[in-house]
Asker: 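One structure, as structure tokens, below. Some questions next.
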Amino acid sequence: MRTPYFLMVGVVVILSTSCRKTDTLPFTPPRQDPQEIIPKSAINAFVNQQLETHGYFDWKMASDTMVWSALLHGDSILSVGYSTASGAAEILQMIGEKEGSIQRTDLRTSTADKLRFLNVRISHFETVRALRTSSKVRYAEPIGYGAFMRDISPRDAAAASDILASGCGYNSAKTDLVAGADYTVTSPAAKLSWNYPYHRIEQAWQRSTGQHIKVMIIDTGVSPQQENLGSMFNQGWSAGRTIQKIGTYYNGSPDDPCGHGTSMAGVLAGPRGTDGNTAGIAYNCDLITVHAAENVVLLSTDAINGVTNAYVVGADDPAIRIISMSMGTVFSSGQIKDALVYAYGKQKLMFCAAGTSTSFFASFVGVIFPANQPQVVAVTGMKDNLRDRCDNCHTGSKVDFAIVMQKSSTGRNPLSIAMSGDIPSTVGGSSVATASCSAIAALVWSKYPGYPRDSIIARMARASSFANSRSSKFGWGIINADAAVGL
């Protein structure tokens, strides 16, 4: 484990001004916007270079001109973090002086006040430069650029579609599952995923099943058609627990349009039931699911804001102990960083996915944001040879734990719960690894409810395959849940 350091958009401002250079306020000098904006290809190349050199990307690495250009290529929304309680008013005054008259919508929320940020629509270079040089501003970032990185043209349409639907659409029932190879059956009539023995899950259940531990999953929501994560959440050996479903994405819906969130909920907390579906690792924990983004890669302003708000909601609920998020991006976000610090200060134990390669991440296989932040536990996936990472899983020195989640021979991934029905689906990548690791933490904390957060992680680390010599790729390695609960 790394050494620890220890509803949405804040203020949305809509500007009525144009981008033309001739638009000026009375008694102000003419705006001096650069003659040309930096093309997307050059911005993308710069981002990739920083990822290769430093292993992460922050907009503070970019010039004022590049940030302004990224705004114009995207949705023009700038996320601005301010330093003092009066900072919002001062920043709005500054923007008004640079941009023109401001139409302000009444969408102020407690999230923005707590984290001291606001979202503004910016047109002019001088505004960007003034904000980024102000001592009152902690960060000023174009949070929606990722969704516009590629032009949607006939040549790029397939790649753009892959990005905008990343991690979605796969969560359907698998009718080719083989008993004994892909699962075993346990009482009362639940299926156990093939990878559970590698983590001694059944043995751990003799001591703990996650009871009285509330876990939040920040993801794409939960399917309303899946009764195992609804009216049948309590069945069989799962009893007396609760499930809540909320939405912090812009439309407020808790429902899962993607499939990813449903599968994460199944892996972590699916009931040990009577209908033949798969049992989650922490099958007696309490669960709250959050629809915070449209897909797994956090690209849009709405997704960044949805995730920011979700962490604050989780932080402010004293019953929540664990927050699991199997989503991320290569772009650091100041407001999500602030949300992580806020939740960490409320003693939340947070797990994030190290990353799973798609066409969006290209050749980058380092630990993505926010798993690379010091407040969270980063998780990746390994093959059943106990040696190699999964085909698309990211690794690196910031990984803390690994979960076995891919068969070397067949490529089969662990079982989960499909969008509807009682036939399991399967799910892979660092996503399933993160949900699984979060569930193991719930087992440990349920056994030792009086322990602080760091002691739970310490027990998990001592019970892992690289406990005596931390790996530069897999951290503490593969967790033995039985040992973690019983040590």
Asker: Of the non-hydrogen atoms in Phe466 and Ser471, which two are nearest, and what is the gap between them?
Answerer: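 Smallest interatomic distance, heavy atoms only, reads CD1-CB, 3.6 Å.
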Asker: Got a donor-acceptor contact below 3.5 angstrom from the Lys348 side chain to the Ile320 backbone?
Answerer: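 Yes: the side chain of Lys348 pairs with the backbone of Ile320.
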Asker: Measure the spacing between OG of Ser238 and CG of Asn284 and express it to the nearest 0.5 Å.
Answerer: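 CG of Asn284 is found 5.0 Å from OG of Ser238.
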Asker: Can you confirm whether more than 12 heavy atoms, excluding those of Phe369, are under 6.0 Å from its CZ atom?
Answerer: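 More than 12 heavy atoms, drawn from other residues, nucleotides or ligands, come within 6.0 Å of this atom.
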Asker: Does the side chain of Glu294 pick up a donor-acceptor pair with the side chain of Tyr249 at under 3.5 Å?
Answerer: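 Result is yes, a qualifying pair exists.
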Asker: Check this for me, if you would: do Asp317 and Lys346 make a salt bridge, where the nitrogen-to-carboxylate-oxygen distance has to be below 4.0 angstrom?
Answerer: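 Salt bridge: no.
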Asker: Looking at residues at least two apart in the chain, or sitting in another chain, which of them share a salt bridge (Lys or Arg N to Asp or Glu O under 4.0 Å) with Lys114?
Answerer: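 Scan of Lys114 (salt bridge (Lys or Arg N to Asp or Glu O under 4.0 Å), adjacent residues dropped) gives Asp316.
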Asker: Indicate yes or no: does Asp182 engage Arg412 in a salt bridge with an N to O separation below 4.0 Å.
Answerer: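 A salt bridge links Asp182 with Arg412.
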Asker: Between the side chain of Ser430 and the main-chain N/O of Cys393, is any donor-acceptor distance below 3.5 Å?
Answerer: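 Here the side-chain-to-backbone pair does not exist.
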Asker: For Ser253, does its backbone N or O pair with a side-chain atom of Asn251 as donor and acceptor, under 3.5 Å?
Answerer: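 Flag set: sc Asn251 to bb Ser253 pair under 3.5 Å.
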Asker: Does the side chain of Tyr139 come within less than 4.5 Å of Asp338's, by heavy atoms?
Answerer: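 Counting from C-beta outward, Asp338 and Tyr139 do come under 4.5 Å.
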Asker: For side-chain hydrogen bond (donor to acceptor under 3.5 Å, both in side chains), just list the numbers for Asp58 and Gln50, CA-CA rounded to whole Å, side-chain angles, deciding distance to a tenth of an Å, and then say yes or no.
Answerer: CA-CA 9 Å; Asp58 192 298; Gln50 301 310 306; over 6 Å; no
Asker: Given 3.5 Å as the limit, does a donor-acceptor pair link the side chain of Ser193 with the main chain of Tyr196, or not?
Answerer: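 Side chain of Ser193 to backbone of Tyr196: no pair is present.
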Asker: Side chains of Val47 and Phe331, heavy atoms from C-beta outward: is any pair under 4.5 Å?
Answerer: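 Yes, their side chains come closer than 4.5 Å.
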Asker: For Tyr170 and Ser263, which I'm curious about, is there any donor-acceptor pair between the side chains at under 3.5 Å?
Answerer: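 Side chains of Tyr170 and Ser263: pair found under 3.5 Å.
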Asker: Side chains of Ile43 and Lys40: closer than 4.5 Å at any heavy-atom pair?
Answerer: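 No, their side chains stay 4.5 Å or more apart.
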Asker: Less than 3.5 Å apart, any donor N or O on the side chain of Gln244 or Lys214 sitting next to an acceptor on the other?
Answerer: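 Note: Gln244 and Lys214 side chains meet the donor-acceptor criterion.
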Asker: Considering only heavy atoms from C-beta outward, does the side chain of Val128 approach that of Met66 to under 4.5 Å?
Answerer: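 Counting from C-beta outward, Val128 and Met66 never come under 4.5 Å.
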Asker: Does any donor atom in the side chain of Asn385 or Asp388 lie under 3.5 Å from an acceptor atom in the other side chain?
Answerer: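 Asn385 vs Asp388: donor-acceptor pair found between side chains.
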Asker: Kindly indicate, with the supporting measurements, whether the criterion side-chain contact (heavy atoms from CB on, under 4.5 Å) is fulfilled by Val377 and Leu349.
Answerer: CA-CA 8 Å; Val377 178; Leu349 176 51; 4.1 Å; yes
Asker: Decide whether a cation-pi geometry holds between Lys191 and Tyr183; the criteria are a distance under 6.0 Å from NZ or CZ to the six-membered ring centre and an angle within 45° of the ring axis.
Answerer: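 Satisfied, under 6.0 Å and within 45°.
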Asker: Looking at Asn171 and Ile417, would you say the former's side chain and the latter's main chain have a donor-acceptor pair under 3.5 Å?
Answerer: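 Yes; judged by distance alone, with no hydrogens or angles, the pair exists.
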Asker: If you take all heavy atoms of Asn228 and Pro271, which pair is closest and at what distance?
Answerer: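 Heavy atoms of Asn228 and Pro271 come nearest at O-CD, 3.4 Å.
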Asker: NE2/His54 to CD/Gln49 distance, rounded to the nearest 0.5 angstrom?
Answerer: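 Separation between the atoms: 8.0 Å.
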Asker: Looking at Val222, is its backbone amide N or carbonyl O close enough to the side chain of Asp256 to form a donor-acceptor pair, meaning the two atoms are under 3.5 Å apart?
Answerer: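 No, because the side chain of Asp256 does not come within donor-acceptor range (under 3.5 Å) of the backbone of Val222.
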Asker: List the residues meeting side-chain hydrogen bond (donor to acceptor under 3.5 Å, both in side chains) with Tyr250, not counting sequence neighbours, and say none if there are none.
Answerer: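 Counting only residues at least two positions away or on another chain, Tyr250 forms no side-chain hydrogen bond (donor to acceptor under 3.5 Å, both in side chains).
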Asker: Under 3.5 Å, is there a donor-acceptor pair linking the side chains of His260 and Ser431?
Answerer: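 Yes - a donor-acceptor pair under 3.5 Å links their side chains.
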Asker: If you define the side chain from C-beta out and look only at heavy atoms, does anything of Trp445 sit under 4.5 Å from Arg321?
Answerer: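 Yes - at least one pair of side-chain heavy atoms lies under 4.5 Å apart.
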Asker: Check whether any side-chain heavy atom of Val404 lies under 4.5 Å from a side-chain heavy atom of His199, and answer yes or no.
Answerer: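 A side-chain contact under 4.5 Å exists here.
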Asker: So Lys383 and Asp391, salt bridge (Lys or Arg N to Asp or Glu O under 4.0 Å) or not? Walk me through it.
Answerer: CA-CA 8 Å; Lys383 294 183 178 180; Asp391 287 343; 2.9 Å; yes
Asker: Any idea which heavy atoms bring Cys352 and Pro370 closest together, and the distance?
Answerer: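 Between these two residues, the closest heavy atoms are SG-CG, 3.9 Å.
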Asker: From His291 NE2 over to Ile217 CD1, what is the distance, rounded to the nearest 0.5 angstrom?
Answerer: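 If we round to the nearest 0.5 Å, His291:NE2 and Ile217:CD1 are 14.0 Å apart.
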Asker: Name all residues meeting the salt bridge (Lys or Arg N to Asp or Glu O under 4.0 Å) criterion together with Arg200; count only those two or more places apart in sequence or in a different chain, and write none if there are none.
Answerer: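 Partners of Arg200 by the salt bridge (Lys or Arg N to Asp or Glu O under 4.0 Å) criterion, ordered by chain and then number, come out as Asp482.
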Asker: Between Asn480 (side chain) and Ala483 (backbone), is there a donor-acceptor pair under 3.5 Å?
Answerer: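 Pair found, side chain donor or acceptor close to backbone of Ala483.
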Asker: Drop me the distance from Ile457's CD1 to Phe401's CZ, to the nearest 0.5 angstrom.
Answerer: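 The CD1 atom of Ile457 sits 5.0 Å away from the CZ atom of Phe401.
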Asker: Just checking, Arg241 and Phe233: is the charged tip under 6.0 Å from the six-membered ring centre and within 45° of the axis?
Answerer: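 Relative to the ring axis of Phe233, which defines the angle, Arg241 lies inside both limits.
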Asker: Ignoring hydrogens and geometry, is there a side-chain-to-backbone donor-acceptor pair from Asp384 to Lys407 under 3.5 Å?
Answerer: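 Not a single qualifying donor-acceptor pair exists.
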Asker: Which atom pair, heavy atoms only, marks the closest approach of Phe351 to Ala441?
Answerer: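 It is CZ-CB, 3.6 Å.
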Asker: Which one of Asn44, Val67, Thr301, Leu71 satisfies the side chain to side chain contact (heavy atoms under 4.5 Å, CB included) criterion with Tyr145?
Answerer: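 Going through the options one by one, the only one that passes is Asn44.
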Asker: Using every non-hydrogen atom in the two residues, find where Ser436 and Ile403 come nearest and quote the distance to one decimal.
Answerer: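 Scanning both residues, the minimum pair turns out to be CB-CG2, 4.0 Å.
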Asker: Decide yes or no on side-chain contact (heavy atoms from CB on, under 4.5 Å) for Ser208 and Ser446, but give the supporting numbers first.
Answerer: CA-CA 6 Å; Ser208 177; Ser446 178; 3.4 Å; yes
Asker: Will you find, in the side chains of Thr356 and His394, an N or O donor that is under 3.5 Å from an N or O acceptor?
Answerer: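 Side chains of Thr356 and His394: no pair found under 3.5 Å.
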Asker: With side chains defined as the heavy atoms from C-beta onward, is the minimum distance between Ile38 and Phe46 less than 4.5 Å?
Answerer: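 No, their side chains stay 4.5 Å or more apart.
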Asker: Taking the side chain from Asn119 and the backbone from Ser79, do they hold a donor-acceptor pair closer than 3.5 Å?
Answerer: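 Not confirmed, Asn119 side chain does not pair with Ser79 backbone.
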Asker: Taking the side chain from Gln347 and the backbone from Pro452, do they hold a donor-acceptor pair closer than 3.5 Å?
Answerer: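 Such a contact is absent between Gln347 side chain and Pro452 backbone.
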Asker: In sequence, state the C-alpha distance, the side-chain angles, and the governing distance for Asp219 and Thr262, and then conclude on side-chain contact (heavy atoms from CB on, under 4.5 Å).
Answerer: CA-CA 9 Å; Asp219 213 283; Thr262 301; over 6 Å; no
Asker: Quick check for you: to the nearest 0.5 Å, what is the distance between Arg272 atom CZ and Thr209 atom OG1?
Answerer: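 Atom-to-atom, Arg272:CZ and Thr209:OG1 are 9.0 Å apart.
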Asker: Answer yes or no: is there a side-chain heavy-atom contact under 4.5 Å between Gln226 and Leu229?
Answerer: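 Side chain of Gln226 against side chain of Leu229, heavy atoms only: contact under 4.5 Å found.
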Asker: Could you report the tightest heavy-atom contact between Leu268 and Ser438, atom names first, then the distance?
Answerer: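 Closest heavy-atom pair between Leu268 and Ser438: CD1-CB, 3.9 Å.
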Asker: If you look only at pairs with a residue in residues 324-334, which of them pass as a salt bridge (Lys or Arg N to Asp or Glu O under 4.0 Å), with sequence neighbours excluded?
Answerer: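 Pairs touching residues 324-334 that pass the test: none.
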Asker: Could you tell me the separation between the CH2 atom of Trp68 and the CG atom of Leu131, rounded to the nearest 0.5 Å?
Answerer: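 Taking CH2 in Trp68 and CG in Leu131, the distance rounds to 15.0 Å.
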Asker: Output all residues satisfying salt bridge (Lys or Arg N to Asp or Glu O under 4.0 Å) with Lys473, sequence neighbours left out; order by chain, then residue number.
Answerer: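 If we apply the salt bridge (Lys or Arg N to Asp or Glu O under 4.0 Å) test to Lys473, skipping adjacent residues, there are no hits.
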Asker: With a 6.0 Å cut-off on the ring centroids, do Phe148 and His73 count as close?
Answerer: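 No: the rings miss the under 6.0 Å criterion.
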Asker: Can you name the salt bridge (Lys or Arg N to Asp or Glu O under 4.0 Å) partners of Asp64, sequence neighbours left out?
Answerer: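 Arg132.
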